[in-house]
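All residue numbers in this chain count up from 1 along the given sequence. Predicted model, so just to flag it, every value in this text is computed and none were measured.
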Amino acid sequence: MKPQRVVTCFLEREGKVLLLKRSGKVGTYRGKWGAAAGYIREGESPLQAAIREAREETGVEELELVKEGEPFAFTDPDIGVTWQVHPFRFKWVRGEVKISWEHTEYRWVDPADMEKLDTVPKLTESWRRVK
């Protein structure tokens, strides 16, 4: 099976990262906390996908790339999918948080507290690659 190429986008402001709680309307990991994330479209670079997803899911108007992490792959046997994750870290420059239908709430959290939340798989691994 061909891996599903996705981006995970950590948006940082004043030392905290924005985490979003996934709604019941999304295809996977409903009710879990995660960063802005989504599929990389055909013909789109991972960076282009990351910027698009960050804007669509959070309402950020201006962001600044801090780091592009080394991609990694993992298989989630519960849903039978192999994910190829491209992690990114951005500085939130301007805009108010406006979450999309894909999420029900958001929190700015200290990265050290990420593990205390019920998150999507491998979220802390994604963060480790961009911190």
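Note: R89 CZ to L65 CG = 10.5 Å, rounded to the nearest 0.5 Å. To the nearest 0.5 Å, atom CD of residue Q4 and atom OG1 of residue T82 are 9.0 Å apart. Here T119 contributes atom OG1 and K32 contributes atom NZ; the two are 7.5 Å apart, rounded to the nearest 0.5 Å.
Classified by interplanar angle (parallel below 30°, tilted 30° to 60°, perpendicular above 60°), the ring pair W108/W92 is perpendicular. Note on ring orientation: taking the six-membered ring where Trp is involved, the planes of W83 and Y29 are tilted (angle from 30° to 60°).
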| Does the pair W127 and F10 meet the rule for a side chain to side chain contact (heavy atoms under 4.5 Å, CB included), with working shown? | CA-CA 8 Å; W127 173 252; F10 293 98; 3.7 Å; yes

| message | Test side chain to side chain contact (heavy atoms under 4.5 Å, CB included) on L19 and L123; report intermediate values, then the result. | response | CA-CA 10 Å; L19 293 187; L123 187 67; 4.1 Å; yes

| request: Take V130 and V66 through the side chain to side chain contact (heavy atoms under 4.5 Å, CB included) test and state the conclusion after the steps. | output: CA-CA 8 Å; V130 296; V66 174; over 6 Å; no

| task | Go through the steps to decide whether F90 and I51 satisfy the test side chain to side chain contact (heavy atoms under 4.5 Å, CB included), and finish with yes or no. | result | CA-CA 9 Å; F90 294 97; I51 292 168; 4.1 Å; yes

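A salt bridge links E44 to R52: at least one charged side-chain nitrogen sits closer than 4.0 Å to a carboxylate oxygen. In this structure, K25 does not pair ionically with E102, as no charged nitrogen and carboxylate oxygen lie closer than 4.0 Å. By the 4.0 Å N-to-carboxylate-O rule, K16 lies too far from D110 to be salt-bridged with it. Under 4.0 Å is where a charged nitrogen must lie from a carboxylate oxygen, and between E61 and R94 at least one such pair does.
For E68 (side chain) and L47 (main-chain N/O), no donor-acceptor pair under 3.5 Å exists by modelled atom type. When atom types are taken as modelled, the side chain of R22 and the backbone of H103 share no donor-acceptor pair closer than 3.5 angstrom. Judged by distance alone, with hydrogens and angles left aside, the side-chain atoms of S23 form a donor-acceptor pair with the main-chain N or O of W101 at under 3.5 Å. A donor-acceptor distance shorter than 3.5 angstrom exists from the side chain of R129 to the backbone of E70, with no hydrogens or angles considered. Of the possible polar contacts, one joining the Q48 side chain to the S45 backbone as a donor-acceptor pair under 3.5 Å is found.
Residues E53 and T58 form no side-chain contact, since every pair of their non-hydrogen atoms from C-beta on lies 4.5 Å or further apart. Inter-residue side-chain proximity for H86 and T8 is flagged as unmet; no heavy-atom pair is nearer than 4.5 Å. Within the 4.5 Å cutoff, the side chain of E57 has no heavy atoms near those of the I99 side chain.
Nearest approach of P71 to P87, heavy atoms of both residues: CA-CD, 4.1 Å. The two atoms that bring R5 and Q84 nearest to each other are CG-OE1, 3.2 Å, heavy atoms only. Taking every heavy atom of both residues into account, A54 and L63 meet most closely at CB-CD2, 3.7 Å. When all heavy atoms are compared, the tightest approach of C9 to A35 is O-CB, 3.3 Å.
With hydrophobic clusters built from ILVMFWY side chains whose heavy atoms lie under 4.5 angstrom apart, F88 shares a cluster with V97. Under the 4.5 Å side-chain heavy-atom criterion for ILVMFWY residues, no single connected hydrophobic cluster contains both V6 and V26. Under a hydrophobic-cluster definition in which Ile, Leu, Val, Met, Phe, Trp and Tyr are linked whenever side-chain heavy atoms come within less than 4.5 Å, directly or via other members, I79 and W33 are assigned to the same cluster. Hydrophobic clustering (ILVMFWY, side-chain heavy atoms < 4.5 Å, transitive): V7 and Y106 are in one cluster. When hydrophobic clusters are built by joining Ile, Leu, Val, Met, Phe, Trp and Tyr residues whose side-chain heavy atoms come closer than 4.5 Å, directly or via intermediates, I40 is not grouped with V81.
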